[in-house]
Amino acid sequence: MNSTNRGRQTKDGIRIYDPSDSAGMMAAGALASQILDAMPEHVFPGQSTASIDKVILDMVDAAGAKSATIGYKGYQHASCISVNHVVCHGIPGDKTLKDGDILNIDVTVIVDGWFGDTSRMYVAGKLSRKAERLIQVTHDSLLRGIEAVKPGNTFGDIGHAIQSFVESHRMSVVRDFCGHGLGRVFHAPPNVVHYGRPGTGAVLEPGMFFTIEPMVNLGRPETKTLADDWTAVTRDKSLSAQFEHSIGVTEDGFEIFTLSAADKFHPTYQP
Ligand code: MF3
Ligand code: CO
Ligand code: CO
């Protein structure tokens, strides 16, 4: 461990963590991902998103961890639950899920001061063919982005990998929200955008920790935020999907902090 490097920041303000810091991120990521692993049995037609959020908060409490979202800029819930044309930051509430609804559940926890942030898609009841396509393309676009992560590549390479894949399927990448550095803090530089040109942007270095969390729309990319100041929806009301992992840059590639131990991250997973 090189103590002179501890807390170093790049000229873009990106913090470089020590190799030993990965253990903390792995613990936080594991809890966030375990919580998402438990969600399928709680997602069904007639269920309210507030009930799902309650299960999540109970699991965070039982683990002796903290929710990163409760109290964050006034947000009051342990998750964001974004249904159908909601792009992100859906607020859990009393409204109940209908057959065929698709939803993203996004959980961020703090374990021993380390942040784990991950989200996946779920379906209530029967999945339509078009929603299945959207979910598969969104999931695969995240994996394409992650595969572009290695020292010497740039953030533009990540965005390009995601955008080119999504657009080859005639879907669109949301521009209004992005991934972010994280670690000992929730949101830090850089903004990890999910579009871009190869070779542009900051160069990836070992010890960078950040999320990749592409939001993909079946229709146009534009969003608007509702009067509650949180809920972001597609302007054209088209369906939207998102997947998110927290990752680190290693000497020869990447490590994923939020892998599903039960292998339930993939959208075709059936309980
Ligand atoms: N977890 C979200 C992200 O991926 C942030 C949610 S902030 C909240 O960055 F306040 F809306 F919960
Ligand atoms: Co998140
Ligand atoms: Co995030």
Side-chain angles (χ1 to χ4, degrees), residues 14-15 25 28-37 39 49-50 52-57 59-60 65-83 86-93 103-111 114-122 138-139 141-142 145-146 149 155 158-159 162 173-195 208-216 223-233 240-249 254 256-260 265:
I14 304 169
R15 182 167 173 160
M25 291 300 285
L31 176 61
S33 114
Q34 263 167 38
I35 291 171
L36 292 187
D37 284 350
M39 289 300 106
T49 54
I52 297 171
D53 187 69
K54 171 81 168 70
V55 173
I56 292 168
L57 182 56
M59 289 187 76
V60 174
K66 275 186 56 178
S67 163
T69 53
I70 296 174
Y72 178 78
K73 297 186 178 173
Y75 195 79
Q76 294 177 0
H77 307 271
S79 62
C80 296
I81 303 183
S82 302
V83 182
V86 179
V87 172
C88 62
H89 301 163
I91 301 174
L103 50 149
N104 174 277
I105 304 180
D106 189 340
V107 172
T108 311
V109 296
I110 312 172
V111 176
W114 297 100
F115 285 70
D117 185 6
T118 183
S119 80
R120 302 177 200 164
M121 296 302 294
Y122 300 86
T138 309
H139 171 272
S141 80
L142 170 59
I146 292 173
V149 174
F155 282 95
I158 299 173
I162 294 167
V173 172
V174 169
R175 311 292 205 266
D176 299 339
F177 299 92
C178 56
H180 48 93
L182 86 171
R184 289 267 190 206
V185 292
F186 195 171
H187 292 112
N191 287 334
V192 181
V193 301
H194 304 108
Y195 56 91
M208 288 180 175
F209 295 168
F210 53 87
T211 73
I212 306 179
E213 47 182 300
M215 285 140 275
V216 174
T223 72
K224 68 175 180 191
T225 300
L226 301 185
D228 60 25
D229 276 345
W230 283 105
T231 313
V233 300
S240 188
Q242 179 178 26
F243 285 85
E244 174 176 25
H245 268 316
S246 298
I247 70 167
V249 184
F254 58 83
I256 302 178
F257 301 126
T258 45
L259 279 178
S260 168
F265 190 78

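Computed from a predicted structure; not experimentally measured. Remember, it's 1-based here, ligands and their atoms both numbered in the order they're listed.
Side-chain contact between S260 and R120 is present, with heavy atoms from C-beta onward closer than 4.5 Å. Counting only heavy atoms from C-beta outward, the side chains of I52 and Y122 never approach each other to under 4.5 Å. M39 places a side-chain heavy atom less than 4.5 Å from the side chain of I56. Considering only heavy atoms from C-beta on, C88 comes within 4.5 Å of Q242 through its side chain. Proximity of Y72 to H187: side-chain heavy atoms (C-beta onward) are separated by under 4.5 Å at one or more points.
Between D117 and S246, the side chains place no donor N or O within less than 3.5 Å of an acceptor N or O (distance only, hydrogens not considered).
The count of protein N, O or S atoms under 2.8 Å from the Co ion (ligand 2) stands at 4, with waters excluded from the count.
Annotation: side chain to side chain contact (heavy atoms under 4.5 Å, CB included) contacts of A68 (sequence neighbours excluded): T108, I110, F115, F186. A search for side chain to side chain contact (heavy atoms under 4.5 Å, CB included) contacts involving V109 returns L31, A32, I35, V60, V107, V111, not counting sequence neighbours.
Within 4.0 Å of ligand 1, contacts by protein heavy atoms are made from T69, Y72, Y75, C80, H89, D106, T108, D117, H180, F186, H187, E213, W230, E244.
Note: F243 and H245 fail the aromatic proximity criterion, with ring centroids not under 6.0 Å apart.
Counting backbone and side-chain atoms alike, H180 contributes an N/O/S atom closer than 2.8 Å to the Co ion (ligand 3).
G179 and T211 make their closest contact through CA-OG1, 3.2 Å (heavy atoms, listed as atom of the first residue, atom of the second, distance).
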